[in-house]
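Only one structure is covered here, and it is reproduced in the block below.
Residue numbering restarts at 1 for every chain, and letters A, B, ... go by the order of the sequence lines.
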There are 2 protein chains.
Amino acid sequence: MSQPTEQPSERPAGRAVPTSADVARLAGVSRATVSYVLNNTSAVRISEPTRRRVREAAEELGYVPHAAARSLRAGHSRMVLLPTPHVQVGPLYSQFFNEFQWALRRLDYTVVQYGSVGLEAEEAARAWAELRPVAVVALGESRLTGQGVEILKRSGARAVITLGTEKVEGAHALVMDQGRVGEAATAHLVETGRRRIGVVVPEEPGLAMFSGPRLEGARRAVAGTGATVVPLPLRYEEESANALAARWRALDLDGVFAYNDEYAMLLMRALQDAGVAVPAETAVVGADDLLLGRLLRPRLSTVRIDMVIGRELAELVDRAVREPEAPPRTSDLMASRVVRRESS
Amino acid sequence: MSQPTEQPSERPAGRAVPTSADVARLAGVSRATVSYVLNNTSAVRISEPTRRRVREAAEELGYVPHAAARSLRAGHSRMVLLPTPHVQVGPLYSQFFNEFQWALRRLDYTVVQYGSVGLEAEEAARAWAELRPVAVVALGESRLTGQGVEILKRSGARAVITLGTEKVEGAHALVMDQGRVGEAATAHLVETGRRRIGVVVPEEPGLAMFSGPRLEGARRAVAGTGATVVPLPLRYEEESANALAARWRALDLDGVFAYNDEYAMLLMRALQDAGVAVPAETAVVGADDLLLGRLLRPRLSTVRIDMVIGRELAELVDRAVREPEAPPRTSDLMASRVVRRESS
DNA sequence: TTGAAAGCGGTACCAT
DNA sequence: ATGGTACCGCTTTCAA
C-alpha cells in the first residue's frame, strides 16, 4: 500500500476500541484502580467518589473488558464449550439444551457452541483446545476420540464430558441409555400379546448412535419371552415406507417399534394405505411423544422420554471442573415410559 | 491455604499446559522461530532441519496455540459470533445454518454460537462484545437494539448483521421477507376461488416476528380482490384447535393459511373431526413443505421456502467485514412458492 | 537463518 | 486509598 505506515489502517473511521487505560486516563486514576472498581475487588477499598468517576468514565467511553486479555492473565477461563451436533435435533433436545445453558450461566460459566462441520475428530479437538475451555461437553455424535480427549486435557480442559452412548477413553461419560427406549416399547408390545416385533432402523446417517442401542434394547426385552425381533431398515421417505409396507404381510409382524413418532407416522400411513389394519393386525409404537402423534388416527402410542433437567447436568459439569480427579460419575440421564394410546 | 505459596495449585495433577516457550526449549530454538515454523511465515526462511525439530517438539508436547493470546497480540480476531436463537427452529433453518457455518469456516472465520437465554438485550450485547468478535450475525428474534449494535461496534465488531424482519439501527439488515410466504399462500387461495380467508396466528411467544409479517402479506394478497382476511389466534395444542374448529361454521371461512405445516396439520385434524370437509368446504394451506404434509389425507398444500444458500450469506458477511463502511446491502434471502396438493 | 525484546489488555502483588 | 509494575502466551519488527 502507498499509505504512510504510521496509519494504523485498522479502524478506518471511528476511534479505537477503548481499553482500561483509556478509562483510567479519563477518570484520572491508574489502570489498577479501574480494575479494582470494575471488578468490585473486595480485598481493596476504593473511595466512593473514585468509584463513581471510574464508572462514569467507563460508561462514557462504552468500555467493555476484553475477555481474551482477562483469561490470558488469569491463566484459565470459565468457558464451557459445546460442540454443535451435526444431526437435526428434536424439540425435546432443544428444551433440555436451553435449560442446560441457562443453568451453566447461573453457575457463572460462559457457554459457547462451536460448530465443527467438516472437520475430522482430531482437528476439531485441536480447534476447540485453542479456545482453552475449562470444560467440553459433547452431546451428540460428534466423534470425540480418546486422542481428542487427551489433546483437550493437555491444553487445560478440566472436564471432558460426553453425553451419548459411546464411552470415550478419558472422558466422563454420561450415558443416555437409548436402549431403554427400545426396551420399554418392545416390552409393552410383548405384554400386550405381540410375538413377532419389527424394529425400525433409520438408514439416515447420524442416527445410528440412537438406533443401534434402541434395537439392542428391543432384543433385551424379548429375551426369554419367545417373541422375536426383526430389524427394519427404513429411509425417511414415502417410497421407502411404501416399499416396506408392500412386503409387510410376507414379514408376518404383529407389532412394530418405529424408532420415533415421525418414522411411526410415516410407516403407519404406508401400512394403512397398503390395507394393513392398525392396531388390529399390527400394533405401532413410536417415541418422543410429539403432539403430532395425538393427531393421527388411530392415536399413536409412544415412549415418552424425560431427559434429566439441565440444572442437574450443569451441576455435574461444575463438580467435574472443581474436582477433575474425582471418578467419572456415570449417571443415567434419561427415563422412558410408555404412553399407550390407540395404535397398540 | 497452608500450602507453600510456590505451589501453583492450578493443575493439581499432570503437568502444566505447554506453551510455545516449552516447544522452543525442547527444540533448542527461540520462541520466535517456533512461531515462524508453526505459522509457515513466508517472509522468513527457516532451514528444514530446524523446522523438523520444532514440529517434532510441538508434536511431542501436544502443543496447541492459545487463541486468546494470539488474537490479543494481533489486535483482532476472526471470530464470527452467532447468538443462538431462543425459539425452536425447523429443519429448514438447521440445514441453512450448517451450510452457513461451513461456508464461513472456508473463509477462515471461527464460528461461535453464544447463547444468551435470560439476558436482557443490552447485557447480552455486552457479553458478546467481551469476546471481541469481528462480526455478529443475529438470526432470530434475539432482540438486538440500536444501543446493542453501538456497543458491539465500539468494541471492534466490523459488521453487525441482523437476519430477520426488524431493521435495527446501525446494523446491516438482511430481510427474510416472511410476508411473501403469507402473500403466496393467500394469493393461491384467492386464485382458486376462495373469498373469506382465515390466517392462523400462533399465540406462542417468539413466533410473532414470523406470524405478523405473514399476516400482513396475506392482507396484501387480498387487497383489491374483494376477498377478506380473518386472523385466527391459535395455540399449538389440541384443545385450542378444537375450540377454533367448533366455531368454524360461524366464522364462515372457505380458505385458511395455517401459518405452517404443523399448525395446518393440527387445524386440519380438528376441522375434520368437527365435520368440516377439506378442501370442499374449506381449503387449507401450510408452509415449510414438511414430509409430514404429504402423509396427511388430503395431502397438504404448502408454501415451499427456499432460503438463500449459506455460502451467499457467508460471502456477504465477509464483504461487510472487509468493507465496514460500504452501504448495507439489503438483500432478500428467501423465495417462496406454492406447492399445491390436495387440501386446496 | 535465528534471537532478543516490545507490546497486546487485563490483574494482582507490593509499595507508598 | 491508590499507583507502579510484572506477567499471562503469542507475534513481529529489528539486529546480529
Less than 4.0 angstrom from a charged side-chain N to a carboxylate O is my criterion; do B/Arg126 and B/Glu122 meet it?
yes
Kindly indicate, with the supporting measurements, whether the criterion salt bridge (charged side-chain N to carboxylate O under 4.0 Å, His left out) is fulfilled by A/Arg319 and A/Glu315.
CA-CA 6 Å; A/Arg319 204 173 315 135; A/Glu315 279 160 11; 5.1 Å; no
Starting from C1' on D/dG9, measure out to NE2 on A/His76 and report it in whole angstrom.
16 Å
Pairs under 3.5 angstrom only: tabulate donor-acceptor contacts from the side chains of residues 29-46 of chain B to other protein residues two or more places apart or in another chain.
residue: B/Ser30; atom: OG; partner: B/Ala32; partner atom: N; Å: 3.4
residue: B/Ser30; atom: OG; partner: B/Thr33; partner atom: N; Å: 3.3
residue: B/Ser30; atom: OG; partner: B/Thr33; partner atom: OG1; Å: 3.2
residue: B/Ser35; atom: OG; partner: B/Asn39; partner atom: ND2; Å: 3.4
residue: B/Asn39; atom: ND2; partner: B/Ser35; partner atom: O; Å: 3.0
residue: B/Asn40; atom: OD1; partner: B/Arg55; partner atom: NH2; Å: 3.4

Under 4.0 Å from any heavy atom of chain A: name the first and the last nucleotide of DNA chain C that qualifies, 5' to 3'.
C/dG9 to C/dC13
Below 3.5 Å, can you tabulate the donor-acceptor pairs from side chains in residues 65-73 of chain B to any protein atom, sequence neighbours excluded?
residue: B/His66; atom: ND1; partner: B/Ala68; partner atom: N; Å: 3.3
residue: B/His66; atom: ND1; partner: B/Ala69; partner atom: N; Å: 3.3
residue: B/Ser71; atom: OG; partner: B/Ala67; partner atom: O; Å: 3.4
residue: B/Ser71; atom: OG; partner: B/Ala68; partner atom: O; Å: 3.4

Under 6.0 Å from the CD atom of A/Glu59, do we count more than 12 heavy atoms belonging to anything else shown?
no
List every contact pair, protein side and nucleotides 11-14 of chain D side both N or O, where the distance is under 3.5 Å.
residue: D/dT11; atom: OP1; partner: B/Asn39; partner atom: ND2; Å: 3.4
residue: D/dT11; atom: OP1; partner: B/Arg70; partner atom: NE; Å: 2.8
residue: D/dT11; atom: OP1; partner: B/Arg70; partner atom: NH2; Å: 3.3
residue: D/dT11; atom: OP2; partner: B/Ser35; partner atom: OG; Å: 3.3
residue: D/dT11; atom: O2; partner: B/Arg73; partner atom: NE; Å: 3.4
residue: D/dT11; atom: O2; partner: B/Arg73; partner atom: NH1; Å: 2.3
residue: D/dT13; atom: O4; partner: B/Tyr36; partner atom: OH; Å: 3.1

Separation of D/dG9 C1' from A/Leu131 CG (nearest whole Å)
15 Å
Residue list, salt bridge (charged side-chain N to carboxylate O under 4.0 Å, His left out) with B/Arg25, at least two apart or on another chain:
B/Asp22
Mind checking salt bridge (charged side-chain N to carboxylate O under 4.0 Å, His left out) for A/Glu56 and listing every partner two or more places apart, or none if nothing turns up?
A/Arg52
How would you label the contact of B/Ser71 with the nucleic acid (heavy atoms, under 4.0 Å): base, sugar-phosphate, or nothing?
nothing
Without decimals, in angstroms, what is the distance between A/Arg53 CZ and D/dG3 C1'?
13 Å
Check every strand shown and say whether B/Arg132 touches a base, only sugar-phosphate, or nothing at a heavy-atom separation below 4.0 Å.
sugar-phosphate
Run through B/Leu81, B/Val80, B/Leu82 and flag the one making a side chain to side chain contact (heavy atoms under 4.5 Å, CB included) with B/Gln113.
B/Leu82
Look at all strands and tell whether A/Val64 reaches a base, only sugar-phosphate, or nothing, counting heavy atoms closer than 4.0 Å.
sugar-phosphate
B/Leu72 or B/Ser30, whichever maps to the more 5' nucleotide of DNA chain C:
B/Ser30
